[in-house]
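Lettering of chains follows the sequences in order, A, B, ..., and the numbering in each one begins at 1.
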Amino acid sequence: MNIEQFVESKSAAAVEALFGARDAVVQIQKTRKEFAGDYTLVVFPLLKASGRGPEQTAAAIGGWLVANVAEIEAFNVVKGFLNLSLSEAFWAARFAEIATDANFGHHAPSGRTVMVEYSSPNTNKPLHLGHVRNNLLGWSVAEILKACGHKVLKVNLVNDRGIHICKSMLAWQLFGGGETPASTGMKGDHLVGKYYVEFDKHYKAEIKELVAGGMDEEEAKRQAPMILQAQEMLRRWEQKDPEIYALWERMNGWVYDGFEKTYAAMGVDFDRTYYESQTYLLGKSLVDKGLAAGVFFRRDDGSVWVDLEADGLDQKLLLRSDGTSVYMTQDLGTAYQRYEEYRFDDLIYVVGNEQNYHFQVLKLILSKLGNAWADHITHLSYGMVELPEGKMKSREGTVVDADDLIAGMVATAHDMSQELGKLDDATPEQADAISRMVGLGALKYFILKVDPRKTMLFDPRESIDFNGNTGPFIQYTHARIRSVLRKAAETGVSRDATGATPLPAEVELIKQLTDFPGVVAAAGENFSPALVANYVYELAKLYNGYYHDHSILREENAAVRAFRLDLSEQTGRVIASAMALLGIAVPERM
RNA sequence: GGUUCCGUAGCUCAGUUGGAUAGAGCAACAGCCUUCUAAGCUGUAGGUCGAGCGUUCGAACCGCUCCGGAAUCACCA
């Protein structure tokens, strides 16, 4: 039982004892910091039961609680709000619990298996800023769900087949001149991306030429030789043409090497990777089953559709007229395979909100095919990352590349640390490690502190801040705490805090610490790392204020000093574990 | 046009199921290092919570209408 529930149950008991109301609505919230007290009971809903005014009702309940509940020490009434203060001893006991709980913040096993899909890259171009948000979110949500006690499977789905892959393959075949990552020194995903752009360039030129020759533009888009060749390549691929297959494997291999480096740099990982090329056939067979069952229908041209108009949606294509599969086809297959393999309780797709419609349809189709587990699919629909001028557009060269972004952040962190003289005593290896930690910390925190559902803005011209509500601010607070603890250990001061009672400022810190498990739970329920980010920022801010106002090592009372060290240590520990849920490492010094 | 989402300080964002005088950071201005890390701390200034109506003892939050923005409604993924 958490503290809020404790206060709530005692308040309910008071209401029953005083007014005889059994199931009155007892509303407990944290007391706002401008008022005295720890928890506040809002008495307005209780006025009917009490038959008195707000002040009298609040005073009566407050009096009863102080008289009958040892932990509740004092109360005050402001309008209809009853502010309750818990005793120092109560908070000291809570702190002792935290200090002895090695798993503080992590919940007991729930018995549920949750699969989280994230990343899901296409193998025709390198990762960009949008993917960065996806990867950081997915990884963090998975860690948070683990902390909530679930068994979590992080899975990736590589979109390694399809017309878009054939485009870069074709362009490389036509214009590549045998270039490889080794021959060019380019990262494989970037090299392949270059040919995807190359395809588009030539395709556009062909369309232009056809239109100039008098063809309708839509027709030109369909008839341009580049697109016809790409479509032919996809058919040959689905027929497992050895030449096309070999080319496909070769170029995808380059991309995987590149992705691996980017994933490593971001610090994300997966328990299992699915490939669309290995699930689309299963998807096709599901379409056949659905056809046989009358859930889907075939048009005269041979294409297969599902009619969702009765559900307020449209008709949706499941197989093209030439028999090749589309996105939905393989997603059906992938979902099936996953359920067969893991029997998950929940499946969470971390995918951008531009695909809301797709997932609505996916769930509906899986339901129509008779799968009860379709109800346990959640689309964690996150907002786009926008630039000041709007969406990233590859045509206008405004795409923020993930590798460049990460390297830039680390370089900025290095410069700044140097400028501040923070690296003076560090070896080059230590300096690199710190710069990496701080640069990545700034980037990750910047992205994760925003509510996932919301569109967020990133201005590449202004570097991400290192002061204020930022990752480095929190990392700094941790480094500061570790520094004090190091000095304490070096001088061998007593760590016996027996007899020390917390000051009001210390109670505030303890209160914030006790909130951590609840925040983790809420973050898990809402799939929102932002809740953890905002929590740990508040904690760091609170600690910095405390640190400023109270000296620790210079405190002369040994027990008080020891208590402050304990409080600092636990704060540092919670900062580290909250940041770990965000995938952000915290340094010992910076 | 249909569906979904969003609109809070100059900028970027918080605001937990409806609760007290709507909060941070950045930017601006004024202070604080002979003292445990100043990537810090304190203060000043900055708001018609897009607009209106309604429900309620009480609305940034719930409902309706409008305004503005985004996504989507592809034989792309």
Can you measure A:Y535 atom OH to B:rG15 atom P for me and round it to whole angstrom units? 16 Å
On a heavy-atom basis, which atom in A:F466 and which in A:T412 lie closest, and how many Å separate them? CE1-CG2, 3.9 Å
With P as the reference atom in both, quote the distance from B:rC76 to B:rG63 in angstrom, rounded to an integer. 39 Å
Check A:R589 against A:A479 and note the closest heavy-atom contact, atom names and distance. CA-CB, 3.8 Å
For a quick test of reading the model: is some side-chain N or O of A:K33 closer than 4.0 Å to OP1 or OP2 of B:rU21? no
How about A:Y327 and A:H358: are their ring centroids closer than 6.0 Å? yes
Interatomic distance, A:N469 CG vs B:rC26 C1' [rounded to whole Å]: 10 Å
Minimal non-hydrogen separation, A:E276 against A:N159, with atom names: OE1-OD1, 2.7 Å
Between P of B:rU16 and CZ of A:R32, the distance in whole Å: 11 Å
Interatomic distance where CZ belongs to A:F359 and P belongs to B:rU4 [whole Å]: 19 Å
Quick one: which of B:rU12, B:rA14, B:rA20 gets closest to the side chain of A:L457? B:rU12
Looking at every strand, decide which applies to A:V326 at a 4.0 Å heavy-atom threshold: base, sugar-phosphate, or nothing. sugar-phosphate
Nearest non-hydrogen partners of A:D465 and A:A442, listed with the distance: O-CB, 4.2 Å
Whether A:K454 contacts B:rA70 is assessed here as follows: a side-chain N or O lying under 4.0 Å from the phosphate OP1 or OP2. Is that the case? no
With sugar-phosphate meaning primed atoms plus P, OP1 and OP2, does A:V450 contact a base, only sugar-phosphate, or nothing at under 4.0 Å between heavy atoms? sugar-phosphate
Side chain of A:D465 (C-beta onward), nearest among B:rC26, B:rA20, B:rG19: B:rC26
Tell whether A:N83 reaches the base of B:rA20 with its side chain through a donor-acceptor pair below 3.5 angstrom. yes
Rounded to whole angstrom, note down the P distance from B:rU42 over to B:rG25. 8 Å
Syn or anti for B:rC33, with syn set at within 90° of 0? syn
The dot-bracket string of RNA chain B, counting Watson-Crick and G-U wobble pairs with both distances under 3.5 Å, using [ ] for crossing pairs and | for pairs to another strand, is (((((((..((((.....[...)))).(((((.......))))).....(((((..]....))))))))))))....
Could you check how far CG of A:N356 sits from P of B:rA71, rounded to whole Å? 12 Å
Aromatic contact between A:W248 and A:Y275, with the criterion being ring centroids under 6.0 Å apart: yes or no? no
Counting side-chain heavy atoms from CB outward, which of B:rA77, B:rA71, B:rC73 is closest to A:Y357? B:rC73
Can you check the distance between B:rC49 and B:rA60, where both ends of the measurement are the C1' atom (answer in whole Å)? 5 Å
Looking at A:V255 and A:V192, what are the two nearest heavy atoms and their distance? CG2-CG2, 3.6 Å
Both A:K391 and A:Q360 contact RNA chain B. Taking the nearest nucleotide for each, which residue is further toward the 5' end? A:Q360
Residue A:Y327, side-chain atoms from C-beta onward, closest of B:rC73, B:rC13, B:rA77: B:rA77
Distance-minimising heavy-atom pair for A:A224 and A:Y203: CB-CE1, 3.6 Å
Rounded distance in Å - CD (A:Q231) to P (B:rA74): 18 Å
Could you tell me whether A:E389 atom CD has more than 12 heavy atoms of other residues or ligands within 6.0 Å of it? yes
B:rA20 to B:rC36 separation - C1' atoms, rounded to the nearest Å: 39 Å
Regarding A:F44, tell me which of base, sugar-phosphate or nothing describes its non-hydrogen contacts under 4.0 Å with the strands shown. base
Ring-on-base stacking between A:F81 and B:rA20, under 5.5 Å between centres and under 30° between planes: is it there? yes
One character per nucleotide, please: for nucleotides 35-43 of chain B, 5' to 3', B when the base has a protein heavy atom closer than 4.0 Å, S when only the sugar-phosphate does, - otherwise. BBBSBSS--
Residue closer to the 5' end of RNA chain B, A:L82 versus A:Q355 (nearest nucleotide): A:L82
Is any side-chain nitrogen or oxygen of A:R320 closer than 4.0 Å to OP1 or OP2 of B:rC76? yes
Side-chain donor-acceptor pairs of residues 528-535 of chain A under 3.5 Å, sequence neighbours excluded:
unit_1	atom_1	unit_2	atom_2	d
A:S528	OG	A:A530	N	3.4
A:N534	ND2	A:A530	O	2.9
A:Y535	OH	A:Q512	O	2.7

